[in-house]
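What follows is a set of notes on a single structure, which appears directly below.
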Amino acid sequence: MDLTPRYTLELKITGDGSHTLFIPELNEHYHSHYGAVTESLHVFIGAGYDHVKTGKNQINILEIGFGTGLNAYLTWLSAVKDNVQIRYFALEPHPLPVVICSDLHFPPYTDSKESKKTFLLLHESPWEEWTPLDDFFALLKIQQTIQQYVSAGGFFDLVYFDAFGPDVQPDMWTAEVFKKMFAALKPGGTLVTYSTKGQVKRNLKEAGFGIEKLPGPFGKREILRAIKQ
Ligand SMILES: C[S@@+](CC[C@H](N)C(=O)[O-])C[C@H]1O[C@@H](n2cnc3c(N)ncnc32)[C@H](O)[C@@H]1O
């Protein structure tokens, strides 16, 4: 597997004290510079996982853009607390080297030596095969683009759509891609994302989703939750 980063990756501290990575060539961060942990907890855990978990003891999640593994890690911690089993399937064409991930700090969730070790399991685990990391969390990381991905129809309860922004990577936010996400979800399934751009909303609707705007985390007015009706 080629782990040579395509771009320069700079470690940055966001507004809530957690790290993110910044790509100068794209002028783009992996997370909100107002707070990486705050954003992940609000958009993906709060509006996504917490919304979907009611009445379920197993949840299948698809993440578009595994990146630093922050969304996966916070989902894992939530699942242990809630006694819910997660099957977490993540697409990432450009996996981050473990040496970069070991410098990442997401307080308070990586404060202890033990928690940092747990976080790094996400990165050290093999690619392309289902790996149970404990009784609650099984991970499958696939080195593939969303464009290459052929969906297992109707398998997922929840999609974390965490691509780089639509201005930087417009080919991630097309109706064609969202149709793939729609097909991958079970009926009634949920997709959450941080972008509320007009074209993103129109493309989600064209793909068949019903959309709901929700208040955003600090520094962002609104976020989106889309439901496969
Ligand atoms: C905004 S970052 C978010 C990453 C991650 N969710 C996190 O919390 O660190 C976007 C991610 O999408 C990945 N990506 C880029 N092109 C992609 C593509 N065509 N298909 C799927 N993922 C892609 C990037 O490599 C990057 O890891």
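Counting starts at 1 for both ligands and their atoms, in listed order. Count residues from 1 along the sequence. Hydrogens, waters and symmetry mates play no part in the numbers below; they use all other heavy atoms, side chains included. Bear in mind that the values here come from a model prediction, so they are computed numbers and not experimental data.
- Panel note: side chain Asp82, backbone Val84; no donor-acceptor pair is recorded below 3.5 Å.
- Counting only heavy atoms from C-beta outward, the side chains of Glu63 and Phe89 never approach each other to under 4.5 Å.
- The existence of a salt bridge linking Lys197 and Asp167 is confirmed by a sub-4.0 Å separation between a basic side-chain nitrogen and an acidic carboxylate oxygen.
- Each of Thr190, Asn71, Thr193, Thr75 was scored for a side chain to side chain donor-acceptor pair (under 3.5 Å) with Tyr160, with one residue passing: Thr75.
- Nearest protein neighbour of atom 19 (N) of ligand 1, counting heavy atoms only, is Gln147 OE1, 3.0 Å.
- Shortest contact from atom 1 (C) of ligand 1 to any protein heavy atom: Tyr30 O, 3.3 Å.
- Every atom of ligand 1 is numbered from 1 in the order shown, and the set under 4.0 Å from a heavy atom of Gln169 is 15 (C), 16 (N), 17 (C).
- At under 3.5 Å, not a single nitrogen or oxygen of Met172, backbone or side chain, sits near a nitrogen or oxygen of ligand 1.
- At the shortest separation from atom 8 (O) of ligand 1 among protein heavy atoms lies His31 NE2, 2.8 Å.
- Of the N and O atoms on the side chains of Thr20 and His29, not one donor lies less than 3.5 Å from an acceptor on the other residue.
- Lys179 has a carboxylate O that lies under 4.0 Å from a charged side-chain N of Glu206, or vice versa, which qualifies the two as a salt bridge.
- Every residue two or more places apart in sequence or in another chain that forms a ring-ring contact (aromatic ring centres under 6.0 Å, His included) with Trp76 is listed here: Phe137.
- The closest protein non-hydrogen atom to atom 20 (N) of ligand 1 is Ile146 N, 2.9 Å.
- Protein heavy atom at the shortest distance from atom 11 (C) of ligand 1 is Gly65 CA, 3.7 Å.
- Taking 4.5 Å as the limit, every side-chain heavy atom of Phe44 sits out of range of all side-chain heavy atoms of Tyr49.
- Ionic pairing of Lys220 and Glu222 is not present here: no N-O contact between side-chain nitrogen and carboxylate oxygen is shorter than 4.0 angstrom.
- Residue Pro93 touches ligand 1 through its side chain alone, judged by heavy-atom distances below 4.0 Å.
- Side-chain atoms of Lys141 do not come within 3.5 Å of backbone N or O of Phe66 as any donor-acceptor pair.
- Checking only distances, Phe164 never comes within under 3.5 Å of ligand 1, N or O to N or O.
- Using a 4.0 angstrom heavy-atom cutoff, Glu63 counts as in contact with ligand 1.
- Of the protein's heavy atoms, Asp162 O, 3.2 Å lies nearest to atom 10 (C) of ligand 1.
- Here is the list of ligand 1 atoms found below 4.0 Å of a heavy atom in Gly67: 4 (C), 5 (C), 9 (O), 27 (O).
- Taking a cut-off of under 4.0 Å to the non-hydrogen atoms of Phe66, the atoms of ligand 1 that pass are 5 (C), 6 (N), 7 (C), 9 (O).
- Looking from atom 26 (C) of ligand 1 to the surrounding protein, the closest heavy atom is Glu92 OE1, 3.5 Å.
- Taking 4.0 Å as the cut-off, Glu28 does not count as a neighbour of ligand 1 on heavy-atom distance.
- Of all the atoms in ligand 1, the ones that sit under 4.0 Å from a non-hydrogen atom of Thr68 are 7 (C), 8 (O), 9 (O).
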